[in-house]
Amino acid sequence: MTPPPFFVVGFQRSGTTLLRLMLDNHPDIAIPLDTVGLWSRYEDRLSEYHNLASTADRARLVSDLLAEERIQLWETPLSAERILSRVGAGTFPDIIRAFHECYAETRGKTLWGDKDPGNMLRIPQLVRWFPECRMLHIIRDGRDACLSQLEQSFGSDDLLDCACEWREQVWWVRQLGAIMGPARYFELRYEDLVAQPESWLRRICGFLGVPYAASMLQYHESVSKSVPDSKRHIWPKLDQPPRADNTERWKRKLSPAMRACFEKRAWDVLRSCDYETFPARPDNTGLQEFRYLARRALKSMKRRMSRT
């Protein structure tokens, strides 16, 4: 019997890629580079393929998916014939499953997973596609996750907006996890994973129903096999063992005023995840927020003027 698939979810810059590489280095688990919402976008376009009414429609969809950059970044030889042989007269989820199974098969593995931070907002869709699937939710202190986003060319560029997004998305997934129950939902913190990687990987393996493999701790030795060179700059520390010192950066980077502004928005979820917070939600942050927003508006104005 084929084991049910699982999905690694987490807010951007929360360690989803680190966890993906660790698990992908297991001899039985395959998780390709994330497809950045590709499956969801194609489901919205199924009418272009006559809702897969015929073999020709399914073949055309598979061909178009194989031409997508995110699939080509898997850097794995996948043939339309091989995928279609697994799909038969199946549905769109069957096509998704066939892609992942073929990817896993090329690596001599049996259990497939998927990692995409955007899936935090797509869990009902994932469960509709794969009712038996399981969720691995990795949580990172929102102050560190958002600070990391500000250093990237993608994601939020506003700390306070990011605080709201982190709070809402983490809260949402935890609510769904409570509904799914412990047999199908597993939650861990990034800080705990990097501090005690073996202990937490053993627990995850137990959740997934596979034996623990020490090879997962050597993920950093095979980064080149899992991350295309064109994407390596996004995760510059992946070729190193787990970095327990890459936590609580917010204590060095955030002023007390900006910490208060952040916690005003995310205090309850930070606290529910056992992160250090002020004793009570900050409320008197009006002046600090005004100054922050004023600086943001000035920077935006200068950028617009420099383009003219």
What's the verdict on side chain to side chain contact (heavy atoms under 4.5 Å, CB included) for K253 and D144, showing C-alpha distance, side-chain angles and the deciding distance? CA-CA 9 Å; K253 298 284 189 176; D144 278 348; over 6 Å; no

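- For the pair R189 and Y275, the cation-pi criterion (under 6.0 Å, within 45° of the ring axis) is fulfilled.
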Please lay out, stage by stage, how R122 and D116 fare under the test side chain to side chain contact (heavy atoms under 4.5 Å, CB included). CA-CA 10 Å; R122 304 186 193 106; D116 186 342; 3.4 Å; yes

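- For the atom pair CG (N119) and OG1 (T35), the distance works out to 7.0 Å, reported to the nearest 0.5 Å.
- No side-chain donor from either of R140 and T247 sits under 3.5 Å from a side-chain acceptor of the other.
- Between the CZ atom in R128 and the CZ atom in F92 there is a gap of 9.5 Å [rounded to 0.5 Å].
- Residues L23 and L136 are in side-chain contact: their nearest non-hydrogen atoms beyond the backbone lie under 4.5 Å apart.
- For S40 (side chain) and G37 (main-chain N/O), no donor-acceptor pair under 3.5 Å exists by modelled atom type.
- Ion pairing between E151 and R249 holds under the 4.0 Å rule for side-chain N and carboxylate O.
- A tilted orientation is assigned to the rings of H100 and W74, their planes being inclined by 30° to 60°.
- Between E132 and R184, no side-chain nitrogen of the basic residue sits less than 4.0 Å from a carboxylate oxygen of the acidic one, so the salt-bridge criterion is not met.
- D64 places no side-chain N or O within 3.5 Å of a backbone atom of L61 that could act as its donor or acceptor partner.
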Please lay out, stage by stage, how R167 and E263 fare under the test salt bridge (charged side-chain N to carboxylate O under 4.0 Å, His left out). CA-CA 10 Å; R167 177 195 181 279; E263 291 192 26; over 6 Å; no

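- Taken to the nearest 0.5 Å, the CZ atom of R58 stands 7.0 Å off from the CG atom of L52.
- One distance of note links SG of C102 with CZ of R107; it measures 12.0 Å at 0.5 Å rounding.
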Might you work through the side chain to side chain contact (heavy atoms under 4.5 Å, CB included) test for N246 and V194, ending with a clear yes or no? CA-CA 9 Å; N246 194 35; V194 297; over 6 Å; no

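- Salt-bridge check for K264 with D283: failed, with every basic side-chain N at 4.0 Å or more from each acidic carboxylate O.
- With R45 contributing its side chain and R41 its backbone, the two residues share no donor-acceptor pair below 3.5 Å.
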Run the numbers on R82 and E105 for salt bridge (charged side-chain N to carboxylate O under 4.0 Å, His left out), then give the verdict. CA-CA 11 Å; R82 194 173 178 184; E105 192 175 77; 2.6 Å; yes

Identify every side-chain donor-acceptor pair in residues 201-208 under 3.5 Å, counting partners at least two apart or on other chains, and give the distances.
from: R202; atom 1: NE; to: E198; atom 2: OE2; distance (Å): 3.1
from: R202; atom 1: NH2; to: E198; atom 2: OE2; distance (Å): 3.0

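- A cation-pi arrangement is found for R259 relative to F278, the charged atom lying closer than 6.0 Å to the ring centre and inside a 45° cone about the ring normal.
- Ion pair E248/R143 not flagged as a salt bridge, since none of the NZ, NE, NH1 or NH2 atoms sits closer than 4.0 Å to an Asp/Glu carboxylate oxygen.
- Separation of the W267 and F262 ring centroids does not fall under the 6.0 Å cut-off.
- Between D34 and K115 there is a salt bridge, with a side-chain nitrogen of the basic residue lying less than 4.0 Å from a carboxylate oxygen of the acidic one.
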Report the C-alpha separation of F11 and Q149 in whole Å, then their side-chain angles, then the decisive distance to 0.1 Å, and conclude whether the side chain to side chain contact (heavy atoms under 4.5 Å, CB included) test is met. CA-CA 10 Å; F11 194 72; Q149 275 203 42; 3.0 Å; yes

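- A salt bridge is defined here as a Lys NZ or Arg NE, NH1 or NH2 lying under 4.0 Å from an Asp or Glu carboxylate O, and E81 with R86 fails to meet this definition.
- Residue L21 holds its CG atom at 15.0 Å from NE2 of H26, rounded to the nearest 0.5 Å.
- Interatomic distance, E187 CD to I138 CD1, rounded to the nearest 0.5 Å: 10.5 Å.
- Using modelled atom types, one side-chain atom of R60 and one backbone atom of E48 make a donor-acceptor pair closer than 3.5 Å.
- Checked by atom type and distance alone, the side chain of T16 never pairs as donor or acceptor with a backbone atom of P117 at under 3.5 Å.
- Side-chain atoms of W39 and Q125 form no donor-acceptor pair, as typed in the model, at a separation below 3.5 Å.
- Ring to ring, F130 and W112 are close: their centroids are under 6.0 angstrom apart.
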